[in-house]
Each structure stands twice: as structure tokens, then as C-alpha cells.
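Here the structure comes first, spelled out in C-alpha cells, and everything after it is commentary.
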Amino acid sequence: MKGISARVAPWALLGVLALGGISCAGPSTDVAWDEHDPANTARLDHGEWQALLDAYLITDDPSGVTLVDYAKLRANTADRARLAGYIDYLQGLDPRQYAKDVQMAYWINLYNAVTLRVVVDEYPVASIKDIHEGLIPGTGPWRDIHASVAGHPLTLDNIEHDILRPIWRDARIHYGVNCASIGCPNLAPEPYTAENLERLLDQAARDYVNHPRGVTLRDQASAVVSSIYFWYQEDFGDSEAGVLEHLRKYAEGDLAERLRDFDGSLDHDYDWSLNAPDVP
């Protein structure tokens, strides 16, 4: 999925190395990002983000994976400016001045919009992991500074691992933030808001768990799950039993029936191919 924080459990180091390294503490760590104003009832305007999602998301691909038409957006100068304007709008706000649910939606939308811009700016690429400013190839853009909020430069890792995960401690965050890859949970077709957070996160969890890239049962003795559940196992009960409990919570139909009595071993896999209709 995304960049990995230094809090990954030791047994997961192989997964970390596969991602190209452990993220370093970033410039956000000295800021009390968990401050919020519960009395503030203001809502943010995500209309520009909705317009971009409507124009460039492909939600009916036979694969069941939501794709993004990066080539089409790359070619549209006006909409690239619209994307930049939306990001500038978010960066011009201080999320600590808003209610906590507004904050959470803010950070997820900012993460996803910045990721989209990062890919579009470098397109064509076969994988987001090919985009990086460091010397090590294949490490991705997650530790590069791509945003600035309230005067603080931020990386994508900062947003996910220093803000979203430690403040909200909600495993569904992994279904909300999108890393522009086939193996990743779908980019939501609508902006996150205070009003739809629960609905969208639950839907994203169900969509992913019930798709083969989330979990595929070979038989009752073994299964392949997304590497997300290994890289971030601490967020999913901190054990394979915890992962299975999480999967059972969102599994439906035949998968739910088969998972009910499953007690086999878990392997994991992840597809880093770009979530585009035609990979370069």
C-alpha cells in the first residue's frame, strides 16, 4: 500500500523491505494535530474534488477495481489546474479549527488528491513506486514532501502514519486512503465528509474484503490476503486471528460462509501496478 512507518512489527520487516524502506519521522511530529474544535459546525467545500472524481474515475471496470484515467486528466490543463486549486484550498485551511469528523474527512481527501496529482504530474508510469525523489529506486513518493498545512510541510507518510492512524486508530483508514495501485482499496467515488464518513469507510471495507485482492481462499487450509493486513497487522488485531476476525466482520455471501470455519494459514500478496485502464 502506502509508505510504511517505523512502528511496523519486527516480523513484518520483509514487507517493509519490499516497499523500499521505513518512513522516517517527519516534520509533522512536533505539531498537536489532534487538536480540534467540537463547537465548530462549519463544513468544507469538496465540490471541486467531486467534479474531478466524476470525470476521471472508472467504476464499472469488469475487474471490480476502480480505475483512474490519468492520461485523460494529464491532457486536460484546466482540470489539472482545478486539482491544484482544490489542494491549495485544503492547504489554506487549518484542520485543527474544525470538528474531529470534519478533520478526518479533510485528511483523507487531501491524501487522495495529493496522490492523484503526484501520479498525474509524472504520468506515464507503470507504478506509483517509480515516482520518488530519493536515490533508491522503487521507493515511491510517500516520504517526499508534497503538501503544506498550517505552515508545516508534510509527506504522504506524515498524513497517514503521523496523523490519521495514531489519532483515529481506525483500521478502516486503510480503505479510505488510496495509493494509486491495483492492489489498493478503491478510490471512493465521492469526497469524504463528516456526514458520510461511516458509510463510505464501511462500504470501502466491504468492497475490498469481498474482492479477490482483499482475500482469496485457496481451500480451508490456506488463503491469500492483501499485504495490507500484514504490513499493518497491528491495526487489525495485531495477529492473524485478529485479521481473520476483521475479514469475517465485512465478508459477505459465500466468502462469509467459508471464513466462518477457516483456521488455515495466511499468505499475502499485493499488486503495485498503476490503477489505470491502460498501464504504460
When you measure from the side chain of [X] to the backbone N and O of [Y], does any donor-acceptor pair fall under 3.5 Å?
X	Y	value
Arg117	Leu83	no
Glu160	Arg165	no
Asn196	Pro191	yes

Worksheet entry | Verdict with reasoning, Val209 to Leu255, per side chain to side chain contact (heavy atoms under 4.5 Å, CB included) | CA-CA 9 Å; Val209 168; Leu255 178 63; 4.3 Å; yes
Worksheet item: Is the distance between the ring centroids of Phe236 and His268 less than 6.0 Å?
Response: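 No, the ring of Phe236 stays outside the 6.0 Å limit from the ring of His268, centre to centre.
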Discussion item. If you take the centroid of each ring, where Trp contributes its six-membered ring, are Trp107 and Trp33 closer together than 6.0 Å?
Written reply: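 That pair passes the under 6.0 Å test.
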Worksheet entry | Worked verdict on Thr155 versus Asp157 for side-chain hydrogen bond (donor to acceptor under 3.5 Å, both in side chains) | CA-CA 5 Å; Thr155 68; Asp157 267 4; 5.4 Å; no
Item to complete: Indicate if Leu93 and Ile87 have the same hydrophobic cluster label, given that clusters are the connected sets of ILVMFWY residues with side-chain heavy-atom separations under 4.5 angstrom.
Response: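 Result: yes, single cluster for both.
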Practice prompt. Indicate if Leu57 and Tyr192 have the same hydrophobic cluster label, given that clusters are the connected sets of ILVMFWY residues with side-chain heavy-atom separations under 4.5 angstrom.
Written response: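 Looking at the clustering, Tyr192 is in the same group as Leu57.
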With [X], which residues qualify under salt bridge (Lys or Arg N to Asp or Glu O under 4.0 Å), at least two apart?
X	value
Asp34	none
Glu257	Arg260
Asp170	Arg172

Discussion item. Taking atom CD as the centre, does Glu245 end up with more than 12 heavy-atom neighbours from other residues, nucleotides or ligands that are less than 6.0 angstrom away?
Written reply: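 Counting other residues, nucleotides and ligands, CD of Glu245 stays at 12 neighbours or fewer.
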